[in-house]
Amino acid sequence: MIDVRLLRTDPDGVRLALARRGQPDLLVQLDKAAHLDARLREITAERDEHRRQVNDLSKAVGLARKAGDAQAAEAAMATSRELGESERSLAAESDELQSALHDVLLRITNLPHPAAPDGGGEQDNPVVKGPINMPASFPEHQRVPHWETATALGILDNERGTKISGAMFTLQRGLGATMARALCQLALDRNADAFEEIRPPTLVSTATLTATGHLPKFADDAFAIERDGLWAIPTAEVPLTSLYAGEILDETALPARVMAHTSCFRREAGSAGRDTRGMLRTHEFDKVEILAIAHPDQAAAMLDELVARCEGTIAVLGLPYRIIEICTGDLGQSHHRSFDIEVYAPGCDRWLEVSSVSWFSDYQARRADIRFRRTGQKGTDIAHTLNGSALAVPRVWAAIIENYRQADGSVVVPEALRPYMRGATVIPAT
RNA sequence: GGAACGAUGGCAGAGUGGCCAAAUGCAUCCGCCUUGAAAGCGGAAGCCUCGCAAGGGGCCGGGGGUUCAAAUCCCUCUCGUUCCGCCA
């Protein structure tokens, strides 16, 4: 959530920042929030005054009783009873306003970072680095889509995956399955120098999925286990962000860095028929996520670090890649500033988004109530959260199959993965 | 799934209608002492919110109720612990 106080003290600034996203309705919601907030404060002040009087009278009753003055006690009780009536109705109104304001605020997006590039949508995202590792041209034998190569090699069996679970579920087998696991191991090992490995739950509560901004707006995108009130996580960002929810951290504990390898589940509602072949878009996939809970002053540098770490893993795999920055029109609800890493897949002839690194400012942390205490100072502050995909398996896996395909149809195992693949150097054509 | 007990400040833990924002201990911060530290001694200090301020209001797991007045009584939900049952 954005800070209501900022909306009070600098309404024009908030308005201008949000306007950069190019969604007129956001500004309507913003006005609604400002109006509700003003009304709420009016009512709350009035309610508080009534409460003060009731509190004073209650004390007076106790004192009068003790002094043996039954008549005075009785009089104070009568007055207090009357005040109680109006106090209750004011309190009810205040509660209503508060929950209405909360509902509106939950759906208002984060403010873009001033340096985030302006733009109307995906097509306006600028390339900020690369292409790197990009050959001048690709030989014909690399112009084969991964689903054809992998199926022929017997390492991808989507027919059976579909039999088991339905469309958009994949199944890797043999060295294909091993390579999927190897990719995760590589990503974990490359970040183990600074990140604590977590194995979080992959089914989470509604509160947890709300903290990251996935609810209430994007309920249709997540798999729900309604009977138990649980949701399947779309990314490890969800449980990792809530790791310290409701806690007050010591400033010296920041930045807190954690990582996790989990399955991720996405309904991909509305994308039926798109990218359904191969592994470009699936309901369930594996990913290693790295996440930091940082002091606001550390956040900008942390964003750079996360980008560098995610980029490093792609680079060590020898894949052609580039980095784009997400423009204001394409920025996700919770996002303050984001970079995507894209890998080129010659078989599909497409740039594939394989990693997204983002800074959420205090937007998620306010929802999750993650605070920190400055050493030697009173009070608490909201922390900042950042995260990035250290490695998302399916698209990287697909890009390897396409980029490392040889003329005989076999696929060379990238050097960096060999230690995790029992020494296999090639996935042989049978 | 059944039963019992529990949930209080950063942590531990008293408190069973008004004198309670709440004892005490640990941790924290400031000072004294010390070459420095520890120990010791003295002091400060919960969180949220409204307000320029003075000050006000709220918060004892969440929600509801009883009462002039609730951490305290009642209902309900959630979570935890232990025992039984089941089980990788």
Side-chain angles (χ1 to χ4, degrees), chain A residues 1-11 33-103 105 199-211 225-231 239 242-254 256 293 295 362 365-383:
Chain A
M1 277 186 291
I2 61 167
D3 187 356
V4 217
R5 273 169 294 190
L6 189 61
L7 183 55
R8 287 205 284 259
T9 55
D10 185 17
H35 177 259
L36 282 169
D37 177 56
R39 181 83 186 123
L40 174 63
R41 278 186 301 157
E42 246 173 65
I43 295 295
T44 305
E46 214 177 314
R47 183 204 62 186
D48 286 356
E49 174 56 23
H50 276 71
R51 284 194 175 163
R52 187 186 64 75
Q53 292 178 29
V54 170
N55 288 344
D56 288 349
L57 282 166
S58 294
K59 267 187 198 125
V61 171
L63 290 173
R65 284 252 171 95
K66 201 172 278 181
D69 189 347
Q71 210 173 353
E74 205 51 52
M77 280 165 69
T79 317
S80 183
R81 247 190 299 265
E82 274 169 41
L83 272 169
E85 293 288 315
S86 52
E87 190 271 340
R88 260 188 293 278
S89 82
L90 284 167
E93 194 178 345
S94 156
D95 287 351
E96 257 168 57
L97 283 166
Q98 193 159 21
S99 94
L101 175 61
H102 189 71
D103 285 351
L105 283 175
R199 177 42 255 230
T202 43
L203 299 182
V204 299
S205 66
T206 298
T208 297
L209 198 61
T210 304
I225 295 115
E226 288 182 49
R227 176 171 155 170
D228 296 295
L230 293 169
W231 304 79
S242 284
L243 185 65
Y244 295 114
E247 298 188 32
I248 300 170
L249 303 169
D250 198 288
E251 183 180 33
T252 57
L254 302 179
I293 293 164
H295 190 292
D362 59 2
R366 180 170 293 105
R367 289 168 163 247
D369 189 25
I370 307 166
R371 291 174 290 163
F372 69 94
R373 196 186 304 280
R374 293 175 199 265
T375 313
Q377 277 188 41
K378 283 196 66 170
T380 55
D381 283 293
I382 311 276

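This structure is a prediction, so every number in the text was calculated from the model and none was measured. So you know, we letter chains A, B, ... as the sequences are listed, proteins then strands, and number each from 1.
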[N] versus [M] - spacing of their [atom1] atoms, nearest Å:
N      : M      : atom1 : value
C50(B) : A45(B) : P     : 23 Å
C68(B) : A53(B) : P     : 37 Å
G1(B)  : G85(B) : C1'   : 8 Å
C5(B)  : C73(B) : P     : 14 Å
U8(B)  : A23(B) : P     : 16 Å
C74(B) : U16(B) : C1'   : 14 Å
U67(B) : U72(B) : C1'   : 13 Å
A21(B) : A38(B) : C1'   : 34 Å

Any-strand Watson-Crick or G-U partner of [N], both distances under 3.5 Å:
N      : result
A71(B) : none
C59(B) : G46(B)
G9(B)  : none
C33(B) : none
G85(B) : none

Next item on the list: Take nucleotides 56-65 of chain B nucleotide by nucleotide from the 5' end and write B, S or -, depending on whether a protein heavy atom sits under 4.0 Å from the base, only from the sugar-phosphate, or from neither.
Entry: BSS-------
List every contact pair, protein side and nucleotides 17-19 of chain B side both N or O, where the distance is under 3.5 Å.
| from | atom 1 | to | atom 2 | distance (Å) |
| --- | --- | --- | --- | --- |
| G18(B) | O6 | R65(A) | NH1 | 2.8 |
| G18(B) | N2 | S58(A) | O | 2.7 |

Checklist line | With L63(A) via side-chain contact (heavy atoms from CB on, under 4.5 Å) - residues at least two apart | finding: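 L63(A) satisfies side-chain contact (heavy atoms from CB on, under 4.5 Å) with no residue once adjacent residues are dropped.
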Check: Can you name the ring-ring contact (aromatic ring centres under 6.0 Å, His included) partners of H295(A), sequence neighbours left out?
Finding: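 Once residues adjacent in sequence are excluded, the partners of H295(A) under the ring-ring contact (aromatic ring centres under 6.0 Å, His included) criterion are F372(A).
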Next item on the list: Check each of T208(A), T202(A), T210(A), T206(A) against W231(A) using the side chain to side chain donor-acceptor pair (under 3.5 Å) test, and report the only one that passes.
Entry: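 Passing option: T206(A).
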Among the nucleotides [options], which one has an atom lying closest to any side-chain atom of [X]?
X       : options                : answer
R373(A) : G46(B), C48(B), U49(B) : G46(B)
S80(A)  : C50(B), C68(B), G10(B) : C68(B)
T380(A) : C68(B), G10(B), C48(B) : C48(B)

Give the minimum heavy-atom separation between [X] and [Y], together with the two atoms involved.
X       : Y       : value
T44(A)  : S94(A)  : OG1-OG, 3.8 Å
A33(A)  : L105(A) : CB-CD2, 4.3 Å
V204(A) : P239(A) : CG1-CB, 4.4 Å
A365(A) : A383(A) : CB-O, 3.1 Å
I382(A) : R371(A) : CD1-CG, 4.2 Å

Once you round it to whole Å, what is the distance between [atom2] of [N] and [atom1] of [X]?
X       : N      : atom1 : atom2 : result
I248(A) : G46(B) : CD1   : P     : 13 Å
E251(A) : G10(B) : CD    : P     : 17 Å
Q71(A)  : C68(B) : CD    : C1'   : 16 Å
R374(A) : G10(B) : CZ    : P     : 18 Å
L40(A)  : G51(B) : CG    : P     : 11 Å
H102(A) : U49(B) : NE2   : C1'   : 16 Å
R88(A)  : A69(B) : CZ    : C1'   : 12 Å
E247(A) : G46(B) : CD    : P     : 21 Å

Notebook entry, point to check: Tell me the side chain to side chain donor-acceptor pair (under 3.5 Å) pairs involving residues 1-11 of chain A, sequence neighbours left out?
Noted result: R8(A)-D37(A)
Item checked: side-chain N/O R371(A) vs C48(B) OP1/OP2, d < 4.0 Å ->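 Result: yes.
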Item checked: Salt bridge present between E93(A) and R39(A) (N-O < 4.0 angstrom) -> yes
Checklist line | Earlier contact from the 5' end, RNA chain B, for R41(A) and A78(A) | finding: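 Checking each residue's closest nucleotide, the 5'-ward one belongs to R41(A).
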For residues 77-86 of chain A, tabulate all N or O donor-acceptor pairs below 3.5 Å that involve a side-chain atom, not counting sequence neighbours.
| from | atom 1 | to | atom 2 | distance (Å) |
| --- | --- | --- | --- | --- |
| T79(A) | OG1 | A75(A) | O | 2.9 |
| S86(A) | OG | H50(A) | NE2 | 3.2 |
| S86(A) | OG | L83(A) | O | 3.0 |

